[in-house]
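Taking it in order: structure first as structure tokens, then the write-up.
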Amino acid sequence: MTAADWVARDSAVVWHGFTQMASYVDSAPIVIERGEGRELIDVDGNRYFDAISSLWVTTLGHRVPELDAAVIDQLGRIAHSTLLGNGNRATIELAEALAAVVPVDDAHILFASDGAVSVEQAAKIAFQYWVNRGEAERRHFLALGDAYHGDTMGALSLGDGGFGTKLFDPLRFPVVRTPGYAVSDWADKAVSAIECHADELVALVIEPMVQGASGMLVSEPSDLARVGEACRDSGVLLICDEVATGFGRTGKLFASEWAGPAFRPDLICLGKGITGGYLPLSATVVSGPVFDAFDGADLGPKTLYHGHSYGGNALGCAVARRHLELLDEWKVLDHVGEVGDHLASRLDDTLVGRPGVAAVRRRGLMAGVELAPPARSVRLGRRVCAEAVRNGVFLRPLGDVVVLMPPLTTTTDEIRRIVDVLAEAIDTVLLWDSR
Ligand SMILES: *Cc1c(COP(=O)(O)O)cnc(C)c1O
């Protein structure tokens with residue numbers, strides 16, 4: 001059974017997300033069989049450094065013995081039991097551990113399985129919060145340009161489109177939108193919209209510090225802080241989508257912390273790295289005051305009528321709790337600070353100003369290298385990443401932005417290798433195009 005056989009079997013039955021299946025086989029996909037540390041190993045035994053953390057979920061690496069043990073240990077008790085109206089010990093223990101570290105006052109946590117759903121839940125909770133308080137005239141969300149919040153209908157509505165989602169426009173609910181981090185005075189625009197629409201707004205939904213999927217656009221902590229203040233002063237709820245930025249990626253446990261201790265989101269959406277990349281789990285964290293607005297009679301109208309079959313899955317919660325402990329025990333945030341600085345200097349030395357590179361953006365271990373496609377180059381991002389994969393570094397672009405999001409335990413030597421392989425890949429592809 002060769003890799004080509006696996007790809008044939010794959011394309012016969014698996015429909016891959018964000019992928020045109022008609023060209024799947026020809027775009028040299030790799031089929032993974034195993035992982036080891038920060039490397040992926042394909043069905044032929046080839047190794048690739050996982051420089052995108054398997055689409056931003058892997059934090060400490062693959063097959064981390066401590067995380068494996070947490071799953072196995074929980075398997076010895078139970079894999080799953082429903083959270084609808086009942087509890088599970090593993091879920092309670094994770095919720096307590098999370099509540100102690102999230103920058104949300106008196107945190108209460110509604111679990112689900114995917115990042116998009118954590119956003120979906122946050123939007124519904126925020127909307128119903130105002131209904132329960134008798135202020136149903138607040139119906140609109142404020143969201144930013146270039147925002148990405150996931151692919152379900154509500155999350156898609158809050159997001160700013162792109163990725164071929166325009167055809168769904170008729171299904172999206174309208175939102176008030178002000179510019180994203182690509183515009184330098186985005187915070188001024190957001191603050192005036194908050195002040196101007198204060199009485200109609202349910203909430204501001206924002207990706208704190210880094211707009212990931214739009215190509216790693218970054219903001220200043222002071223701008224984020226100002227927007228948070230405006231929300232608090234106008235009584236508009238603040239929903240921070242930390243699905244990408246949470247659990248250490250930016251060098252803080254949560255990116256919201258960059259804006260200072262006074263920045264206290266009313267709701268935070270968590271996903272991706274929450275289990276270290278092991279199992280699908282997500283969470284909507286809600287402040288005490290928001291939670292209290294749902295207090296009411298049993299089966300009464302103030303109840304939140306929402307919940308998912310696998311929400312709070314015990315296996316996911318067990319590994320997420322161990323992961324949270326390891327982030328602390330291994331001093332992972334300090335490491336991200338150091339390695340992030342190293343990444344910054346390697347990017348500066350090697351890629352800034354290089355032919356074919358338009359811009360480099362970074363916060364912690366989230367970085368984007370925006371390519372400048374010469375007129376005759378098409379799909380430059382795709383081809384540069386394919387070349388890097390051929391050289392053993394697994395990368396995937398967002399359009400013409402190459403994303404570098406290595407696991408949080410990546411070493412400085414590995415950082416050097418990633419940046420060098422990317423630089424070579426850019427040179428190689430540009431050379432082909434110039435022929
Ligand atoms: C990835 C992402 C989501 C969606 O998470 P899924 O688990 O893919 O549904 C939502 N918000 C942000 C900021 C993300 O990066």
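Note that ligands are numbered from 1 as they come in the structure, with each ligand's atoms numbered from 1 the same way. All values below were derived from every heavy atom in this structure, side-chain atoms included, with hydrogens, water molecules and symmetry-related copies excluded.
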Problem - Under-4.0 Å salt bridge between Glu325 and Arg322 - result: yes

Problem - Pocket residues of ligand 1, ordered first by chain and then by residue number (heavy-atom cut-off under 4.0 Å) - result: Trp56, Asp114, Gly115, Ala116, Tyr148, His149, Gly150, Glu207, Asp241, Val243, Ala244, Lys272

Practice task
Ignoring hydrogens and angles, state whether a donor on the side chain of Arg346 or Thr412 is under 3.5 Å from an acceptor on the partner side chain.
Solution key: no

Practice task
Answer yes if the side chains of His80 and Asn88 hold a donor-acceptor pair under 3.5 Å, and no otherwise.
Solution key: no

Exercise for the section: Report the relative orientation of the aromatic rings in His108 and Phe291; use parallel for angles under 30°, tilted for 30 to 60°, perpendicular for over 60°. Expected result: parallel

Exercise for the section: For residues Ser53 and Arg249, determine if any side-chain heavy atom of one lies less than 4.5 Å from a side-chain heavy atom of the other. Expected result: yes

Problem - Gap between atom CG of Asp241 and atom CD of Gln211 - 0.5 Å precision - result: 10.5 Å

